[in-house]
Amino acid sequence: MGKVISVTSGKGGVGKSTVSVGLGLSFGKLGKRVLLVDMDEGLRCLDLMLGIDKSAVFDLSDLLMGRQIEDATYQYNDNLYLIPAPARMGMIDAFAFSNFALEVKEKFDVVIFDFPAGINVGLYSALPKDTVFLTVAVPDPVSVRDAAAISIALDEAGINSRLIINRFIYKQKGKYVYNNIDDIIDSSAIRLIGIVPENEELKIFSLRHKLKKRNKALAAFTRIAARLDGQKLLLPQLKKI
């Protein structure tokens with residue numbers, strides 16, 4: 001049975017979908033067969049990011065209404081696959097989605113659900129009980145406060161989450177509000193699992209659909225994936241992230 005990961009954020013625009021793709025690529029580098037599932041109904045983006053939007057005919061809603069998994073599963077590379085989100089809102093039935101999540105968990109080594117931003121956690125309880133939840137935030141007071149709101153909503157649903165700090169710039173550490181990473185962790189009330197640096201290649205990933213192998217952000221995603229895979233890796237010095 002595969003590992004199921006749910007990527008969330010309180011505030012939009014923090015790079016949550018980029019984190020989902022980065023983790024998908026990284027688990028693939030570790031030899032895992034990975035499925036990305038775009039959950040952002042009406043505002044889907046992962047098909048564009050991976051450059052498979054023109055070939056995508058079916059989506060998650062088609063699977064929930066009876067089509068086979070293979071009908072709406074699109075291949076990015078040898079190890080990474082995508083199921084696009086429905087183009088219209090209100091197409092995801094919780095019961096059908098719960099069965100779908102169990103089915104894909106059996107077919108893939110890692111399944112990553114990229115949920116829309118916000119504190120609507122209604123579908124989270126439909127995921128397998130051992131799902132790992134990751135909350136993405138940037139080192140900005142609004143984003144961190146919203147991450148704390150997500151943490152409260154998840155706690156009320158009986159769900160624990162881990163924090164990914166995205167778009168980190170070492171030279172700005174302590175320059176504005178947060179003197180160190182511990183301040184962000186304390187303010188968000190979420191245990192840290194990794195830090196991803198600001199990266200120009202990530203900003204244009206949806207245009208190029210690839211990252212160079214020697215990329216600091218990809219290296220950070222790979223460290224996070226390795227930790228999620230059970231490896232014990234220490235956080236590098238902040239200036240080396």
Side-chain angles (χ1 to χ4, degrees), residues 1-10 16-17 19-41 46 60 63-64 69-70 72-73 79-83 85 92-137 147-166 185 188-196 220-233 235:
M1 294 181 67
K3 180 183 295 293
V4 179
I5 296 169
S6 173
V7 182
T8 70
S9 71
K16 174 181 54 58
S17 293
V19 168
S20 297
V21 170
L23 290 175
L25 292 170
S26 298
F27 275 113
K29 284 178 60 180
L30 296 175
K32 307 293 185 182
R33 190 165 178 264
V34 185
L35 175 65
L36 286 172
V37 183
D38 194 337
M39 296 296 297
D40 204 350
E41 292 180 282
L46 293 187
L60 177 60
L63 302 185
L64 300 184
I69 297 295
E70 294 76 13
T73 302
N79 288 331
L80 184 59
Y81 300 79
L82 169 70
I83 294 176
I92 299 179
D93 173 77
F95 179 77
F97 174 67
S98 179
N99 291 331
F100 161 80
L102 291 174
E103 183 178 356
V104 291
K105 182 180 180 182
E106 295 288 343
K107 292 178 178 289
F108 291 85
D109 298 318
V110 180
V111 183
I112 301 173
F113 290 95
D114 180 24
F115 277 90
I119 58 175
N120 183 356
V121 301
L123 280 177
Y124 294 175
S125 60
L127 291 170
K129 297 298 183 184
D130 57 352
T131 297
V132 176
F133 285 80
L134 304 175
T135 298
V136 181
I150 274 284
S151 177
I152 293 171
L154 291 174
D155 283 344
E156 290 175 349
I159 297 170
N160 293 320
S161 182
R162 301 292 298 274
L163 176 67
I164 293 178
I165 299 174
N166 195 28
I185 298 170
S188 67
I190 309 175
R191 185 181 172 195
L192 182 70
I193 194 169
I195 302 174
V196 180
F221 287 130
T222 302
R223 287 192 294 269
I224 295 170
R227 293 185 189 109
L228 290 167
D229 199 37
Q231 298 183 37
K232 295 183 178 180
L233 297 179
L235 188 72

Residues L60 and M39: closest non-hydrogen pair is CD2-SD, 3.7 Å

Could you tell me which non-hydrogen atom of V136 sits nearest to which non-hydrogen atom of S9, and how far apart they are? O-CB, 3.4 Å

Compare all side-chain heavy atoms of R162 with those of L192 and state whether any distance is below 4.5 angstrom. no

For residues 105-126, which residue pairs qualify under salt bridge (Lys or Arg N to Asp or Glu O under 4.0 Å), counting only residues two or more places apart or in two chains? K16-D114, E70-K107, K105-D130

Student check: side-chain heavy atoms of I190 and I185 closer than 4.5 Å: no

Roughly how far, to the nearest 0.5 Å, is CG of L134 from CG of L23? 6.5 Å

Does the side chain of L46 reach to within under 4.5 Å of the side chain of V37, using non-hydrogen atoms? no

Point-to-point distance, once rounded to the nearest 0.5 Å, from CZ of F115 to OG of S17: 12.0 Å

If the plane angle is over 60° it's perpendicular, under 30° parallel, otherwise tilted; pick one for F113 and F100. perpendicular

Got V110 and F108 here, is their nearest side-chain heavy-atom distance under 4.5 Å? no

Kindly indicate, with the supporting measurements, whether the criterion side chain to side chain contact (heavy atoms under 4.5 Å, CB included) is fulfilled by K3 and V34. CA-CA 10 Å; K3 180 183 295 293; V34 185; over 6 Å; no

On a heavy-atom basis, the closest approach of A189 and S151 is O-OG, 3.5 Å

Quick one: which residue pairs count as a salt bridge (Lys or Arg N to Asp or Glu O under 4.0 Å) with a foot in residues 117-126, not counting sequence neighbours? none

Verdict with reasoning, V21 to F221, per side chain to side chain contact (heavy atoms under 4.5 Å, CB included): CA-CA 9 Å; V21 170; F221 287 130; over 6 Å; no

Measure across L127 and S6 and return the closest heavy-atom pair with its distance rounded to 0.1 Å. CD1-CB, 4.0 Å

Residues pairing under salt bridge (Lys or Arg N to Asp or Glu O under 4.0 Å) where one sits in residues 30-40, two or more places apart or in two chains, turn out to be K32-D229

Heavy-atom side-chain contact between L36 and L80 under 4.5 Å: yes

Validation row: L123, I92 side chains within 4.5 angstrom (heavy atoms): yes

Testing the basics here: between I5 and F27, what is the closest heavy-atom pair and its distance to 0.1 Å? CD1-CE1, 3.6 Å

Apply the side-chain contact (heavy atoms from CB on, under 4.5 Å) test between L154 and each candidate in T135, I119, N160; give the one that qualifies. T135

Any side-chain heavy-atom pair of L82 and L35 under 4.5 Å: no

Could you go step by step and tell me if I164 and I193 meet the side chain to side chain contact (heavy atoms under 4.5 Å, CB included) rule? CA-CA 6 Å; I164 293 178; I193 194 169; 3.7 Å; yes

Please report the closest heavy-atom contact between L163 and S188, naming both atoms and the distance. CD2-OG, 3.5 Å

